[in-house]
There are 4 protein chains.
Amino acid sequence: MGIRVAVAGASGYAGGELLRLIAGHPEFDLVAATAHRQAGQPVSAVHPQLAGLDLVFAGTDPTTLADADLVFLALPHGESAALAAELPESVRVVDLGADHRLRDGAAWQRYYGGTHAGAWTYGLPELPGQRAAIAGARRVANTGCYAAAITLALAPLVAANAVQPADVVVVAASGTSGAGRAAKGHLLGSEVMGDLSPYKVGAHQHVPEIKQATGATGLSLTPVLAPMPRGILATVTAVPTAAGTDPRAVLTQAYADAPFVHVLPEGAWPHTAATLGSNSAHLQATVDVDSGRVIVVSAIDNLGKGAAGQAVQCANLMYDLPEQAGLSVFGVAP
Amino acid sequence: MGIRVAVAGASGYAGGELLRLIAGHPEFDLVAATAHRQAGQPVSAVHPQLAGLDLVFAGTDPTTLADADLVFLALPHGESAALAAELPESVRVVDLGADHRLRDGAAWQRYYGGTHAGAWTYGLPELPGQRAAIAGARRVANTGCYAAAITLALAPLVAANAVQPADVVVVAASGTSGAGRAAKGHLLGSEVMGDLSPYKVGAHQHVPEIKQATGATGLSLTPVLAPMPRGILATVTAVPTAAGTDPRAVLTQAYADAPFVHVLPEGAWPHTAATLGSNSAHLQATVDVDSGRVIVVSAIDNLGKGAAGQAVQCANLMYDLPEQAGLSVFGVAP
Amino acid sequence: MGIRVAVAGASGYAGGELLRLIAGHPEFDLVAATAHRQAGQPVSAVHPQLAGLDLVFAGTDPTTLADADLVFLALPHGESAALAAELPESVRVVDLGADHRLRDGAAWQRYYGGTHAGAWTYGLPELPGQRAAIAGARRVANTGCYAAAITLALAPLVAANAVQPADVVVVAASGTSGAGRAAKGHLLGSEVMGDLSPYKVGAHQHVPEIKQATGATGLSLTPVLAPMPRGILATVTAVPTAAGTDPRAVLTQAYADAPFVHVLPEGAWPHTAATLGSNSAHLQATVDVDSGRVIVVSAIDNLGKGAAGQAVQCANLMYDLPEQAGLSVFGVAP
Amino acid sequence: MGIRVAVAGASGYAGGELLRLIAGHPEFDLVAATAHRQAGQPVSAVHPQLAGLDLVFAGTDPTTLADADLVFLALPHGESAALAAELPESVRVVDLGADHRLRDGAAWQRYYGGTHAGAWTYGLPELPGQRAAIAGARRVANTGCYAAAITLALAPLVAANAVQPADVVVVAASGTSGAGRAAKGHLLGSEVMGDLSPYKVGAHQHVPEIKQATGATGLSLTPVLAPMPRGILATVTAVPTAAGTDPRAVLTQAYADAPFVHVLPEGAWPHTAATLGSNSAHLQATVDVDSGRVIVVSAIDNLGKGAAGQAVQCANLMYDLPEQAGLSVFGVAP
């Protein structure tokens, strides 16, 4: 018998992707999917792509979840801490929300407000030493989607002293599923198709997480909503240090053993469609001839390496399973 | 050691999807991917979604392919027959092209021209008796993508005498990958985004295959190119017979044991995005209150149940493997 | 000084397109745009494409509207009749809603419910004799978007006895703006991009209008939501009469003097993108070689010839202005 | 009688948009549209959105063009200089290509190669003094599409000493029509839908033009291809000077009298769809709370203010016509 797995907040997009991955995972048994408003409905009525999955949404309550070995929390930011506090220590938990990511309570206050729940082990296995930390943890805070894309691109360069941490400029575009499933007017298909629109310019709540994870000390992030359901493309630029280290070489070495992170061959640049449905990240780096800045581009599926895939990868490590169990390296394209 | 598998014509879209499925298949070992112009290039240079797949395209020659146990032919219509003729009988072959689908040589002549290669076992496992036929075959002609969507919707109704075969009207829209990967002006993103365009109106080459597979004797097919990479939505209407059989009940019974065909709950209608990346077909039927016509809608992924997924399903049957091996019932959505 | 024009319900998509057209019209002065919830907001806050238009939404009340010479009603179905009843006879009115389209009160009851307000002059100038009727009317009921596309394709063929009215099959796909601007979950960009989904299958409320306008007596309409903001592509099939009349010739003759209806050269088929932003309809017809059915395809912009453009065209006729005033024959493509 | 206008290279996307604008221009008479391969074809066969335009492509030769009063050159970069040299001085010319934009011959050599044709009056009317310069010119070099979006965002800030010119970072995403109409595999709809892909990273040929037009001395530009037919969204970041000038105030003042440039109300950010089909540019600016960098975002239609619209605006100035003649301030949305 497999590991008994539950998903809280399973009616959203990250939740639906978790259900898909768990249903195909060789060691996981999906025992419960919970939701607030959809409790009592068949899962496939909410996620038509899961037609054939014989499961009904339960209400999101701790008792239901405590019956599982492993719980994924896919709740809105600010809602997971209270629920997590009610789960017994014996249950392993991966939180896809922001509640347990930040070590800095002041930053939490400034960007999210409310009580700071404290930080859990950070769920980005490709950071140095983090695989072991995750393997030993019972509580893991999954990376945010922008943070995953940007940290994979930037952290090794800061760590290797290849770029200056104080002047990092990021423009990152996300598919619409990153904005969630709530029915909001500006997310209507009529509005987003054919459109690129920046949002939260000048003050994005993911900046503290990215600074914490990358070591950057000055970072401007401009997020853009792009006309596609999935995918993040992050363009990260930074000023090289005097060391003159080749950024691509740093990345190649950092991810030599990472099954999901691919530094592309020279001249090939990441694009989001190549990562759709997978847990992979694609990276490339160069030095701009005009400005001398280092430019790194990373592409991920925001629901894959940016959310559900990453969470399953962490859970695999927590259970000492093969890191790739139930996950695909390859994208669904075109 | 697994079954040694080769793909001919692996640089196209169906070929790329075959590579993805084979790479994730528990019993298949991908030993060769062949292409004409791309021979010598890394597979991932042509299919960036397969970054991490360590394989180089070979040229498309019979010797390379004959070394495999199982060969998928994903070549343009008219090119597979000659190649297939050079493969030894010991090699099992699934042809995704049209060359071996039609039993009627005259229809082949009229729509495709050239020598008719003769018909192989038709690769639609859900037709009555066809699972056994495929299991016993060494040569299988995979269904066309439109034919798969339309036949699943229509064949049981004709067989059950629920609709008249002489007056079937089909409008079916396909994502652009169905039009192939050749760089043609009318397939540019600038042209297809925001656009619906009918093509081959009044005389589509897939009509004879659909008539053969469904038993329809009069059928009008209007294909439409839709602004999405994948998916087919077929709207099939027909005149009910005097019997007054409930079309949904007929379909439900016909596919009771089919793992990939889902007749949706009443009131839910198929949509293409729910099938993306999967081998599933979604169906629904009703009787139109105004006209009295039976309306059946089916949705598939044209590269899944419409091409590569279907082909793998057939191969699973040919090797007495579980029908679902290496295939997903669930779609990647949103 | 020009004709003083007001738009009620100007916060929706048809309303926004009306504002754009009126702002560019040589004889119209936009004096009021009304809305319920957005009253008091700048128009450009709701319609960012109208940045530079110096106007604030007024509340939707009859007094405001009665001050204009000409009022366009772009309200939800069922809301315009009550408002129209309060406008003085001296004010000319074009209603873009369904309230005054149907002559058959029973059909209104069956599909819309509530009191039937009675029929106004039907706003499709290309129907025989309708230009004169509109020119002499003070109240015009604009066609529905599906009705516009389908009637232009079908009405001349029924009138010419080229097709049988009793067995018409239509599949028509619409861009998402046709579903309105209310924030509904199934209209989110994440849901509609990459997706085709049928809706209201088997019983669509536009069928009575289409039958009334075309003379069809049996008609099945399957509407499909397509992944694009604008456009309708209607595929209309019907059984030819014994007369054997060439359908394309009938259409060509019917629209010889219609500036906005283009029967395309033989071999060219309509596609929606070519009509974007214009008031044009593109048509083509053929006889299907397999089934013998007549197939007509029409393409329009659902907010152009399907709504706001059509309404302005009617208003031009009502004021004896050039039919093309303020309207574009040419689409914005790609 | 109007001004006689010809378009060379009228089969491409910028050419098609020019034809649309000229056909609707109150003072321009379209007398010739030339193309190489399409010579002899009806214009509407190549541009279906222009159905109803009764014109046939002529071959691209100087004699045909010299017969016009005004010629727009919409040819590939490197092809217009030779043709322009053969046109008599009496013919006014607006070149949409790059050939006559750069004053620095060395930069031309480095990025384009071949002989440098020398610089013409730069066609961005909103630059200080440029309206008058264009009005007095017989030869105008239209801005590039990226340059238009970026220069409008940046030039006033550099001129006002509000930002440091030496460290400008730009990420700009363009719709696919910016990549032209040549049938290339990576521009297929199947490839671009659902995808964001950077290109020419680290060395883009438009950088010298942007530096020349803005006064920036160090500038990194990362262009991204976005899944939409039209639109450019440019995110421009720069380090503020000690002066601490409010960037939004600078932009507001700079464009107080510019009919096509809209600095949006505070809190509203530009998005591309709002500019579709128009000649408008939308701008917004802020100072990033984390990094202190100035962030300016601009949105245009790459075929409007980025190409054909801009060209018509320049031509209006050259003929002392109202700057807005034949151009729309308002976009076609949704």
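These numbers come from the heavy atoms of this one structure, side chains and all, not from hydrogens, waters or symmetry mates. Every chain is numbered from 1, with letters handed out A, B, ... down the list of sequences.
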Quick one: which of B:A183, B:S177, B:A179 has the most heavy-atom pairs under 4.5 Å with chain D, could you say? B:A183

Quick one: which of B:H186, B:R230, B:M228 has the most heavy-atom pairs under 4.5 Å with chain D, could you say?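 Most pairs with chain D among the choices: B:M228.
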
Nearest heavy-atom neighbours spanning D:M193 and B:V192: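 The answer is CE-CG2, 4.0 Å.
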
Of the listed residues (D:S190, D:A182, D:P229), which shares the most heavy-atom pairs with chain B below a 4.5 Å separation? D:S190

Quick check for you: to the nearest 0.5 Å, what is the distance between B:E191 atom CD and D:T176 atom OG1?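 Between atom CD of B:E191 and atom OG1 of D:T176 there are 9.0 Å.
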
